[in-house]
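Taking it in order: structure first as structure tokens, then the write-up.
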Amino acid sequence: MNSIAEQLNEVRKQISAAASAAQREASDITLIAVSKTKPIAAIQDAYAAGQRHFGENYVQEAVDKASELKQFDDIVWHFIGPLQSNKTAAVAETADWVHSVDREKIARRLAQQRPASKPPLNVLIQVNIDAEDTKSGVAPSAVGELASFIAKQPELRLRGLMAIPAAGANSAMRKTSFQAMQGLFSQLQSQYPSVDTLSMGMSDDLDLAILYGATMVRIGTAIFGARAR
Ligand SMILES: *Cc1c(COP(=O)(O)O)cnc(C)c1O
């Protein structure tokens, strides 16, 4: 396998190419390196290669890594995994962004538990765009109500939407899902000036996500290699 620095470089090139193809600026797309299950050394390698945004899925792992890497104080931590209400405090205290808010209870707890010493927590609403039974996320029709709740919390900052298309979806299905997200996003943007972020696109569909307006892509495998879990 190539080094993490080389893989990162390839992903950056892919983002630039996808941005040009979509007549967008590559600088409008933030790359989040999804380091879940990967060791601290992998994050340090990516950091040395200039990467600053990292995504984690599991609360305890996220907290441990943020604490071990405290001296790298310009790392931006994104919590992107499913969030149970009994784990919100740790996330409110550690993360800079949460991509997976999908109910009022979670939003309320994150707001209550965000330390006063920290800036507002950046929040994305996860949308269950393919109406999967097993997937977290709100139905598209419920985005408005949750957005309105989040926007009223001074400790939270509503930044936009996140989605993970169904795992088995072919590219036509993904296109439909990304297009639907783009529509929901522009509707939300017209209502809230703080909304500027559409988080979608992973290792195997980042080009399509960028074509449909993604401003953050969450890439694990293409940077760090395959995961055991
Ligand atoms: C694991 C994960 C990713 C990264 O997936 P890859 O296919 O490895 O790029 C992105 N987003 C979420 C929510 C994930 O759980």
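Atoms within each ligand, like the ligands themselves, are counted from 1 in listed order.
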* Structure fact -> In ligand 1, the atoms that come under 4.0 Å of a heavy atom of I219 are 9 (O)
* Taking non-hydrogen atoms only, is I80 closer than 4.0 angstrom to ligand 1 via side chain, backbone, both or neither? -> both
* Asked: Non-hydrogen atoms of H99 versus ligand 1: any pair closer than 4.0 Å?
  -> no
* When you look for heavy atoms under 4.0 Å from ligand 1, do you find them on the side chain of D204, its backbone, both, or neither? -> neither
* Asked: Would you call the rings of F72 and Y47 parallel, tilted or perpendicular if under 30° counts as parallel and over 60° as perpendicular?
  -> perpendicular
* Structure fact -> among protein heavy atoms, the one nearest atom 9 (O) of ligand 1 is S203 OG, 2.5 Å
* Evaluate the ring planes of H78 and W97, with Trp represented by its six-membered ring, and classify them as parallel (under 30°), tilted (30 to 60°) or perpendicular (over 60°). => parallel
* Return yes if a side-chain donor-acceptor contact under 3.5 Å exists between N122 and R157, otherwise no. => no
* **E56 and K65, any side-chain heavy atoms less than 4.5 Å apart** => yes
* Asked: For ligand 1, which atoms, with element, lie under 4.0 Å from some heavy atom of I164?
  -> 13 (C)
* Structure fact -> atom 8 (O) of ligand 1: closest protein heavy atom, distance to 0.1 Å, is T221 OG1, 2.5 Å
* Identify the closest protein heavy atom to atom 5 (O) of ligand 1: which residue and atom is it, and at what distance? -> M202 CE, 3.7 Å
* Asked: Are more than 12 heavy atoms from other residues, nucleotides or ligands located less than 6.0 Å from atom CD of E145?
  -> no
* So between A163, G220, A222, whose heavy atom ends up nearest atom 4 (C) of ligand 1? -> G220
* Asked: Among all protein non-hydrogen atoms, which one is nearest to atom 1 (C) of ligand 1, and what is the separation to 0.1 Å?
  -> K36 NZ, 1.4 Å
* Asked: With no hydrogens and no angle check, do the side chains of Q14 and D207 hold a donor and an acceptor under 3.5 Å apart?
  -> yes
* Structure fact -> Numbered in order shown, the ligand 1 atoms found under 4.0 Å of a heavy atom of R218 are 4 (C), 9 (O), 10 (C), 11 (N), 12 (C), 13 (C)
* Asked: So does D74 have more than 12 non-hydrogen atoms from other groups sitting under 6.0 Å from CG?
  -> yes
* Asked: Is it true that the side chains of S148 and K152 contain a donor and an acceptor less than 3.5 Å apart?
  -> yes
